[in-house]
J.: 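Structure below; questions to follow.
Keep in mind that this is a model prediction, so the values were computed, not measured. Side chains included, hydrogens not; waters and symmetry mates left out as well; all remaining heavy atoms used.
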Amino acid sequence: MLLHDLASSHHALGPEETSAFRPSGWGTELIGEGRPLDTTTLHVVVPNLLGSPFGSTSPVTMDARAGRPYGAALPTVTVMDMARAVAAMLRGMKVEHTRALVGVGLGGLVALQLAALFPEQVSAVAVLGAARALPETLRERLGLTRHLLRLDPDFREGHYAPGQGPRRTLRKQYLEYLRLVHGPEVLSTAHPEPGAAEQALEAEADAFAETFDANAWALLCTAYVGGDVTESLSKIRAPVLLVAGANDALAPPSRVRDTYHLLSAAGVRAHYHELPSCGHSGLLTQARRLHGPLRDFLRRRG
């Protein structure tokens with residue numbers, strides 16, 4: 001079971017997208033023959049997290065009674081809700097046991113929560129770029145997402161027309177998020193020419209604001225901010241692999257190591273692996289560096 005990050009979709013292998021914002025295709029180095037999630041021996045499932053606008057119930061879902069999208073009327077969704085929704089999907093598929101939960105970013109929090117809720121149904125958990133919770137300063141910043149969107153006159157109390165909404169504010173918020181996800185070192189390496197990195201980020205933020213629903217963004221950010229799984233760690237029984245990027249602002253190594261120590265203190269067989277010179281986005285763009293540790297971890301659980 002592979003669980004996606006904040007702005008990604010469940011289409012981990014594509015289709016190929018021409019837009020600067022590419023929510024699909026992020027798992028091509030993780031899934032497939034010869035990769036850690038080898039589809040010649042494993043059945044890999046990638047669900048869309050609850051609240052995400054790419055298929056699951058979310059603010060863009062039509063409210064049959066009102067005849068319009070739920071919008072801001074959809075109740076707040078939590079990491080716990082997301083975990084229970086994934087568990088319900090597995091029950092619907094008649095899956096009684098999961099060999100491994102692999103989660104990226106927000107998906108990593110959901111994986112930890114799911115393993116704590118149903119410890120007897122999970123054999124292993126691999127978490128990429130997530131700790132027990134976001135850093136406090138980042139929780140404060142992302143926690144303002146819904147408030148700042150509401151201040152935009154185009155928000156219209158969350159009931160704007162489909163394809164419309166507070167695009168200017170949404171663009172600004174996503175641009176700030178991108179700078180955190182990539183980090184200055186990664187950006188300067190990928191775009192060495194002066195100004196090229198900022199142009200690339202602005203192009204992606206423009207495309208994001210044109211396609212991603214503002215209510216869904218607020219809902220997902222609120223879930224991410226509130227997703228503290230500290231109290232659930234002691235309920236996990238499966239071995240856990242925690243992978244940190246040395247320059248990851250969303251899951252700093254010190255915070256991931258703290259999660260590792262909490263798991264170990266609770267009797268969980270925890271493993272920690274750190275990728276040098278790697279930000280949050282690099283955990284997927286440089287995923288070949290994960291092949292060895294992730295494949296070995298999953299093989300031992302086989």
Side-chain angles (χ1 to χ4, degrees), residues 4-30 46 48-49 51-55 58-60 104-108 128-130 134 138 141-142 144-146 148-149 152 154-155 160 162-225 245 247-251 277-287:
H4 63 79
D5 207 346
L6 180 63
S8 300
S9 79
H10 55 297
H11 296 293
L13 295 180
E16 187 174 338
E17 294 170 301
T18 57
S19 170
F21 169 57
R22 300 181 181 92
S24 305
W26 49 271
T28 53
E29 282 298 327
L30 295 176
V46 189
N48 189 227
L49 294 179
S52 171
F54 296 107
S58 74
V60 302
V104 185
L106 173 61
L128 316 181
L134 288 170
L138 192 51
R141 289 170 63 180
L142 280 180
L144 293 172
T145 298
R146 190 185 298 275
L148 294 175
L149 287 171
D152 191 314
D154 291 329
F155 187 67
Y160 44 81
Q164 301 298 313
R167 291 179 176 174
R168 183 177 301 178
T169 303
L170 186 61
R171 177 191 183 279
K172 181 179 179 181
Q173 290 182 349
Y174 192 66
L175 189 58
E176 292 176 355
Y177 173 74
L178 285 176
R179 293 186 179 119
L180 286 171
V181 165
H182 294 295
E185 294 182 1
V186 173
L187 289 172
S188 60
T189 301
H191 306 280
E193 295 182 8
E198 191 64 19
Q199 289 179 4
L201 293 185
E202 289 181 356
E204 183 172 347
D206 286 339
F208 175 85
E210 289 292 325
T211 58
F212 208 96
D213 180 69
N215 280 313
W217 176 246
L219 192 78
L220 292 169
C221 286
T222 300
Y224 208 173
V225 166
N247 308 116
D248 191 344
L250 276 71
S277 304
C278 180
H280 191 77
S281 62
L283 292 168
L284 293 176
T285 59
Q286 304 174 39

J.: Report yes if some heavy atom in the side chain of Tyr177 is under 4.5 Å from a heavy atom in the side chain of Phe208; otherwise report no.
T.: no

J.: Show the nearest heavy-atom pair for residues His280 and Asp248, with the distance to one decimal.
T.: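 Nearest heavy atoms, His280 then Asp248: ND1-OD2, 2.9 Å.
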
J.: After noting the C-alpha distance and the side-chain angles of Tyr224 and Asp5, does the key distance pass the side-chain contact (heavy atoms from CB on, under 4.5 Å) rule?
T.: CA-CA 10 Å; Tyr224 208 173; Asp5 207 346; 4.1 Å; yes

J.: List the atom of Leu138, the atom of Ala249, and the distance in Å for their closest heavy-atom pair.
T.: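 So the minimum-distance heavy-atom pair works out to CD2-O, 4.0 Å.
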
J.: Does any pair with a residue in residues 195-209 pass side chain to side chain donor-acceptor pair (under 3.5 Å), and if so which ones, sequence neighbours excluded?
T.: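 Of all non-adjacent pairs touching residues 195-209, those that pass side chain to side chain donor-acceptor pair (under 3.5 Å) are Arg171-Asp206, Tyr174-Glu204, Arg179-Glu198.
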
J.: How long is the gap from CG on Leu30 to CG on Leu128, to the nearest 0.5 Å?
T.: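 Going from CG on Leu30 over to CG on Leu128, the span is 6.5 Å.
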
J.: Applying side-chain hydrogen bond (donor to acceptor under 3.5 Å, both in side chains), can you list everything that pairs with His4, at least two apart in sequence or on another chain?
T.: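 Partners of His4 by the side-chain hydrogen bond (donor to acceptor under 3.5 Å, both in side chains) criterion, ordered by chain and then number, come out as Asn48.
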
J.: Listed by chain and number, what are the side chain to side chain contact (heavy atoms under 4.5 Å, CB included) partners of Leu144, not counting sequence neighbours?
T.: Leu148

J.: What distance do Leu180 atom CG and Leu134 atom CG have between them, rounded to the nearest 0.5 Å?
T.: 10.0 Å

J.: Do Phe54 and His10 have side-chain heavy atoms sitting under 4.5 Å apart?
T.: yes

J.: Return the set of residues passing side-chain hydrogen bond (donor to acceptor under 3.5 Å, both in side chains) with Arg168 (not counting sequence neighbours), or none when no residue passes.
T.: none

J.: What's the separation between atom OG in Ser58 and atom CH2 in Trp217, rounded to the nearest 0.5 Å?
T.: 14.5 Å

J.: Considering non-hydrogen atoms only, spot the tightest contact between Gly108 and Ala130 and give its length.
T.: CA-CB, 4.2 Å

J.: Could you list the residues that satisfy side-chain hydrogen bond (donor to acceptor under 3.5 Å, both in side chains) with Ser8, not counting sequence neighbours?
T.: none

J.: Shortest non-hydrogen contact from Pro15 to Ser24?
T.: O-CB, 4.0 Å

J.: Using the test side-chain hydrogen bond (donor to acceptor under 3.5 Å, both in side chains), find all partners of Thr169 that sit at least two apart in sequence or belong to another chain.
T.: Asp152

J.: Among residues at least two apart in sequence or on other chains, which ones pass side chain to side chain contact (heavy atoms under 4.5 Å, CB included) with Ala196?
T.: His191, Glu193

J.: Backbone N or O of Ser9 within a donor-acceptor pair of the Trp26 side chain at under 3.5 Å?
T.: yes

J.: Where is the tightest heavy-atom contact between Pro23 and Ala7, given as atom of each residue plus distance?
T.: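 That closest heavy-atom pairing would be CB-O, 3.6 Å.
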
J.: Could you tell me which residues satisfy salt bridge (Lys or Arg N to Asp or Glu O under 4.0 Å) with Asp213, sequence neighbours excluded, listed by chain and number?
T.: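 By the salt bridge (Lys or Arg N to Asp or Glu O under 4.0 Å) rule, Asp213 matches no residue at all.
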
J.: With side chains defined as the heavy atoms from C-beta onward, is the minimum distance between Thr222 and Thr145 less than 4.5 Å?
T.: no

J.: Which heavy-atom pair separates Pro59 from Gly51 by the least distance, and what is that distance?
T.: CD-O, 3.9 Å

J.: Donor-acceptor check, side chain of Asn247 to backbone of Cys278, threshold 3.5 angstrom: yes or no?
T.: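 The answer is yes, because a donor-acceptor pair under 3.5 Å joins these two groups.
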
J.: Under the side chain to side chain contact (heavy atoms under 4.5 Å, CB included) rule, collect the residues that match up with Ala214, sequence neighbours excluded.
T.: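 By the side chain to side chain contact (heavy atoms under 4.5 Å, CB included) rule, Ala214 matches Leu149, Tyr160, Pro166, Leu170.
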
J.: Just grab all the salt bridge (Lys or Arg N to Asp or Glu O under 4.0 Å) pairs involving residues 12-27, residues at least two apart or on different chains.
T.: none

J.: Quick one: list whatever passes side chain to side chain contact (heavy atoms under 4.5 Å, CB included) with Val225, sequence neighbours left out.
T.: Arg139, Leu142

J.: Do the non-hydrogen side-chain atoms of Leu283 and Val104 ever get within less than 4.5 Å of each other?
T.: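 Answer no - side chains too far apart.
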
J.: Kindly write out the residues that satisfy salt bridge (Lys or Arg N to Asp or Glu O under 4.0 Å) with Arg167, not counting sequence neighbours, or none if the list is empty.
T.: Glu210

